[in-house]
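Because the structure is predicted, anything quoted here is derived from the model rather than measured.
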Amino acid sequence: MNALSLEQVFKQYGEKTAVNGISFDVEQGEIYGLLGANGAGKTTTMRMVLGLIYPDSGKIRYNGKAYSKEQLRGLGYLPEERGLYPKVIVSEQIIYLAQLRGMSKRDADQNLKRWLDRFGVPEYYGKKVEELSKGNQQKIQFIASVIHKPGIVIMDEAFSGLDPVNVELLKSTVKELRDSGTSILFSTHRMEHVEELCRNITILHRSNPVLQGNLKAIKKQFPRERIILATDGDVSGLADIRGVMNVKRHEYGYELLISNEDAGRPVLEQALAQTNVSRFEIMEPTLNEIFIKTVGEKHE
């Protein structure tokens, strides 16, 4: 049974269709990517999953069950905008929020202390939120979304405002949640994070799902159009090879834009005839490139 299922979900505001028939399933212990430009329908979809607004038609199921207060307690939400009270002590508001989700005060307190230790910031227990940096406020907000051990977590720009070290810390934590069986609906503009964390995705454009499915399978639908060529010395004549559309020089060697993969062999042969080659790879398309092709070609 899937942890979360959306079936032909529609939402309209007056004349504007915000979400137009979206369907997808999130398995238990899966991080599912929900992508789209601003205004595509991601936030409306997440709000419907959270029960903050209701779909005009379609079904949303949580472990096979319809939305209810009982299901609400099993959800966690990390919003893009920080929503904690700046002048309230961290422990007071996190414990209060956990109690709203059905935890006892004692269990919430113990869980909070474990999470603060996990992030290496036990001293934040008695501090006001406004005393923390933006990145550390994001850590506290993350704790608020998972302290009650939800089965389903909705994360909107989870790594916003974090430096690279803390991004890696939070990514590893998200993976631990996934491995423990938590299902995560993950929305971000950072495509490299989706590639690392998500197995399945939906791309929304102007309220419509325009690309869905397994990320590896999706990548196979798009041609490989770049070659990375790392060499010890210069290589001449690359731009003259049939199928090579553009050549960029980098410190490591060359990046080539090709019209088809058949250009790969003559490129490699040309390079080997002139210098040592330490890397040759016909690159699969990045999710960022796929996103631009999918959404950009539909943009008017």
Q: Under the side-chain hydrogen bond (donor to acceptor under 3.5 Å, both in side chains) rule, collect the residues that match up with Asp117, sequence neighbours excluded.
A: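 Asp117: no side-chain hydrogen bond (donor to acceptor under 3.5 Å, both in side chains) contacts found.
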
Q.
Among residues at least two apart in sequence or on other chains, which ones pass side-chain hydrogen bond (donor to acceptor under 3.5 Å, both in side chains) with Glu192?
A.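 Here the qualifying residues are Arg190.
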
Q.
For the CD1 atom of Ile203 and the NZ atom of Lys42, what is their distance to the nearest 0.5 Å?
A.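 Output value for this atom pair is 11.0 Å.
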
Same apolar cluster: [X] and [Y], side chain cutoff 4.5 Å:
X	Y	answer
Leu52	Tyr13	yes
Leu4	Tyr77	yes
Phe24	Leu75	yes
Ile152	Val146	no
Leu257	Leu238	no

Q) So which pairs with a foot in residues 194-203 pass side chain to side chain donor-acceptor pair (under 3.5 Å), sequence neighbours left out? A)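 For residues 194-203, and leaving out neighbouring residues, the side chain to side chain donor-acceptor pair (under 3.5 Å) pairs sorted by first residue read Glu27-Arg199, Glu30-Asn200, Tyr32-Thr202, Lys171-Glu196, Lys175-Glu196, Glu195-Lys219, Thr202-Gln212.
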
Q. What pairs of residues pass the side chain to side chain donor-acceptor pair (under 3.5 Å) test when at least one of them lies in residues 229-242, not counting sequence neighbours?
A.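 Applying side chain to side chain donor-acceptor pair (under 3.5 Å) to every pair that reaches into residues 229-242, excluding sequence neighbours, yields Asp232-Asn276, Asp234-Arg249, Ser236-Gln274.
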
For the [atom1] atom on [X], are there more than 12 heavy atoms of other groups (residues, nucleotides or ligands in this structure) within a distance under 6.0 Å?
X	atom1	value
Arg226	CZ	yes
Glu269	CD	yes
Glu157	CD	yes
Arg265	CZ	no
Tyr54	OH	no
Tyr252	OH	yes

Q: Would you please classify the geometry between the Trp115 ring and the Phe119 ring as parallel, tilted or perpendicular, with 30° and 60° separating the classes?
A: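 Aromatic pair Phe119/Trp115 classed tilted.
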
Q) Can we say Glu225 and Lys293 salt-bridge, meaning some charged N sits less than 4.0 Å from an Asp/Glu carboxylate O? A)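 A salt bridge links Glu225 with Lys293.
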
Q: Using a strict 4.0 Å threshold on nitrogen-to-oxygen distance, state whether Lys105 and Asp109 make a salt bridge.
A: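 Asp109 and Lys105: not salt-bridged.
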
Side-chain heavy-atom pair [X], [Y] within 4.5 angstrom cut-off:
X	Y	value
Lys127	Leu132	yes
His148	Leu100	no
Leu72	Tyr67	yes
Phe222	Thr294	yes
Phe186	Val174	no
Phe280	Ile228	no
Val129	Gln93	yes
Ile143	Val90	no

Give me the atom names and distance for the closest heavy-atom approach of [X] to [Y].
X	Y	answer
Thr173	Arg118	OG1-NH2, 3.3 Å
Ala108	Ala98	CB-CB, 3.6 Å
Asp25	Leu6	OD1-N, 4.4 Å
Leu34	Ser187	O-OG, 3.1 Å
Pro209	Leu204	N-CD2, 3.6 Å
Ala271	Val277	CB-CG2, 3.8 Å

Q. Excluding sequence neighbours, so at least two apart, what forms side chain to side chain contact (heavy atoms under 4.5 Å, CB included) with Asn260?
A.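 With neighbours one apart ignored, the set is Asp262.
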
Would you confirm whether [X], through its side chain, and [Y], through its main-chain N or O, come within 3.5 Å as a donor-acceptor pair?
X	Y	value
Gln141	Gly83	yes
Asn166	Leu169	no
Asn208	Val210	no
Asn2	Ser5	no
Ser145	Leu78	no
Gln138	Ala158	yes
Asn288	Met191	no

**Q.** Any pair counted as salt bridge (charged side-chain N to carboxylate O under 4.0 Å, His left out), so long as it reaches residues 51-66, sequence neighbours left out
**A.**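 Found Lys11-Asp56.
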
Q) After noting the C-alpha distance and the side-chain angles of Leu112 and Ile95, does the key distance pass the side chain to side chain contact (heavy atoms under 4.5 Å, CB included) rule? A) CA-CA 7 Å; Leu112 172 59; Ile95 291 171; 4.3 Å; yes

